[in-house]
Undergrad: 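To start, I am sharing the structure in question, which I have written as structure tokens.
This chain uses plain numbering: 1 for the first residue, then up along the sequence. None of the values given here were measured: they were computed from a predicted structure.
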Amino acid sequence: WSPRLAARVRIRQAADIVLRANVPNLGVAVDAFDVLASGVPLDDLDILDPDQTFLVQVSDYMWQEVRSAEEQAATATHFRVFPGEGAHSEALSEFISRLDTNGYVGNYSFDVYNDDFLQMPPEVVSVRARRAAVWLAETVLRRALEFTVENAMGTFEAGTQGGLRFEVQGIVDGEPVIVLEHVTRIH
């Protein structure tokens with residue numbers, strides 16, 4: 001069994017099922033950990049229809065590489081960290097940027113299964129989540145204006161920040177109990 005082959009096959013199978021079903025309320029959830037830990041080439045993400053990609057789960061992890069299916073399973077369920085905290089921030093940024101380039105404008109969730117987080121005060125974990133949300137919004141998903149815009153806030157030159165959007169969800173027992181969404185648009 002090859003985790004890399006399995007993840008590539010799952011992406012293709014999921015995209016094919018959604019395409020064949022041809023219904024607007026069926027979509028794909030993509031887990032960045034599965035893609036990165038399995039070494040799936042980013043080109044494989046191009047098969048996904050951005051309008052039917054309903055959720056992207058993002059997390060990082062500390063190991064430089066995952067050597068076996070057992071190690072991947074253990075890391076997936078016990079050792080994920082927030083985006084920007086692990087050894088794969090650059091790869092995670094490239095993953096998110098690729099989806100963005102392909103037209104994905106949907107939601108991101110932090111999928112950070114980590115036994116250590118269960119022992120920490122919630123305030124500490126929430127600070128780490130916020131830092132990850134800022135990393136995602138300010139570093140990865142920052143938008144540049146294609147042209148100069150003038151509005152009530154002033155003049156914004158082409159090439160400067162055009163807008164950003166991010167959402168953070170606090171999930172308990174699989175259900176969102178708090179959702180924070182922020183959108184800033186220049187025009």
Side-chain angles (χ1 to χ4, degrees), residues 3-4 6-7 10-11 14 27-40 42 45 48 50 53-102 104-143 161-185:
R4 179 180 180 168
R10 284 192 307 263
I11 289 173
V28 176
V30 181
D31 187 335
F33 172 80
D34 288 338
V35 172
L36 298 178
S38 300
V40 174
L42 294 183
L45 300 175
L48 299 173
T53 302
F54 285 1
L55 179 68
V56 175
Q57 298 172 312
V58 291
S59 62
D60 205 338
Y61 58 104
M62 302 306 287
W63 322 125
Q64 288 297 326
E65 64 180 278
V66 176
R67 294 182 181 90
S68 67
E70 295 78 20
E71 194 172 273
Q72 183 170 343
T75 302
T77 56
H78 301 287
F79 300 110
R80 295 189 195 200
V81 294
F82 285 103
E85 291 185 339
H88 305 278
S89 296
E90 184 176 335
L92 188 57
S93 178
E94 291 170 2
F95 165 85
I96 293 167
S97 295
R98 182 60 166 257
L99 291 173
D100 181 63
T101 298
N102 290 347
Y104 179 71
V105 294
N107 293 319
Y108 294 90
S109 72
F110 296 151
D111 195 29
V112 288
Y113 303 105
N114 190 306
D115 295 343
D116 291 340
F117 294 166
L118 296 173
Q119 308 303 316
M120 293 179 182
E123 299 82 16
V124 172
V125 178
S126 67
V127 166
R128 292 173 79 167
R130 181 171 184 349
R131 188 172 50 231
V134 168
W135 175 82
L136 183 63
E138 295 291 326
T139 304
V140 181
L141 291 175
R142 184 169 272 221
R143 304 282 188 268
Q161 173 104 12
L164 62 94
R165 175 193 179 281
F166 67 91
E167 177 179 290
V168 177
Q169 293 186 2
I171 297 178
V172 176
D173 296 327
E175 296 295 322
V177 294
I178 186 169
V179 178
L180 298 166
E181 181 177 8
H182 175 79
V183 178
T184 301
R185 291 188 180 94

Undergrad: Which heavy atom in Tyr108 sits nearest to a heavy atom in Leu141, and how many Å separate them?
TA: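 Reported closest heavy-atom pair: CE1-CD1, 3.7 Å.
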Undergrad: Other residues, nucleotides and ligands only: do more than 12 of their heavy atoms fall within 6.0 Å of OH on Tyr113?
TA: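 12 or below, so no.
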Undergrad: Sub-3.5 Å donor-acceptor pair from the side chain of Asp60 to the main-chain atoms of His88, do we have one?
TA: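 The answer is yes, because a donor-acceptor pair under 3.5 Å joins these two groups.
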Undergrad: Could you report the tightest heavy-atom contact between Phe79 and Asn114, atom names first, then the distance?
TA: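 Closest heavy-atom pair between Phe79 and Asn114: C-ND2, 3.9 Å.
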Undergrad: Under 3.5 Å, side chain of Ser97 to main-chain N/O of Glu94, donor-acceptor pair present?
TA: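 A pair under 3.5 Å: no.
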Undergrad: Using a 4.5 Å cut-off on heavy atoms from C-beta on, say whether the side chain of Phe110 contacts that of Ile171.
TA: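 Contact flag for Ile171/Phe110 side chains = no.
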Undergrad: I need the minimum non-hydrogen distance between Trp135 and Ser89, along with the two atoms involved.
TA: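 What the structure gives for the nearest pair is CZ2-O, 3.7 Å.
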Undergrad: For a quick test of reading the model, state the closest non-hydrogen atom pair linking Ile96 to Val140 and the distance between them.
TA: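 The answer is CG2-CG1, 3.5 Å.
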Undergrad: What distance separates Ser93 OG from Arg98 CZ, expressed to the nearest 0.5 Å?
TA: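 The CZ atom of Arg98 is 13.0 Å from OG of Ser93, to the nearest 0.5 Å.
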Undergrad: Taking NZ, NE, NH1 and NH2 as the nitrogens, is one of them in Arg10 or Asp31 under 4.0 Å from a carboxylate oxygen of the other?
TA: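 No, no charged N to carboxylate O under 4.0 Å.
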Undergrad: Taking all atoms of both residues into account, what is the closest heavy-atom pair of Tyr61 and Val81, and its distance?
TA: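 So the minimum-distance heavy-atom pair works out to N-CG2, 3.9 Å.
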Undergrad: Taking the side chain as every heavy atom from C-beta outward, state whether Ser109 and Leu55 have any atom pair closer than 4.5 Å.
TA: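 Yes, their side chains come closer than 4.5 Å.
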Undergrad: Is the shortest heavy-atom distance from the side chain of Pro83 to the side chain of Leu92 under 4.5 Å?
TA: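 Contact flag for Pro83/Leu92 side chains = yes.
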Undergrad: Side-chain contact, heavy-atom cut-off 4.5 Å: Phe95 with Val30?
TA: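 Yes, their side chains come closer than 4.5 Å.
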Undergrad: Can you find a pair of side-chain heavy atoms, one from Val56 and one from Leu99, that are under 4.5 Å apart?
TA: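 The answer is yes, as the side chains (C-beta and beyond) meet within the 4.5 Å cut-off.
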Undergrad: Is the shortest side-chain heavy-atom distance between Val35 and Ile11 below 4.5 Å?
TA: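 They are in contact (side-chain heavy atoms under 4.5 Å apart), so the answer is yes.
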Undergrad: Identify the two heavy atoms, one from Arg80 and one from Phe117, that lie closest to each other, and give their separation to 0.1 Å.
TA: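 Arg80 and Phe117 have their closest heavy atoms at O-CE1, 4.1 Å.
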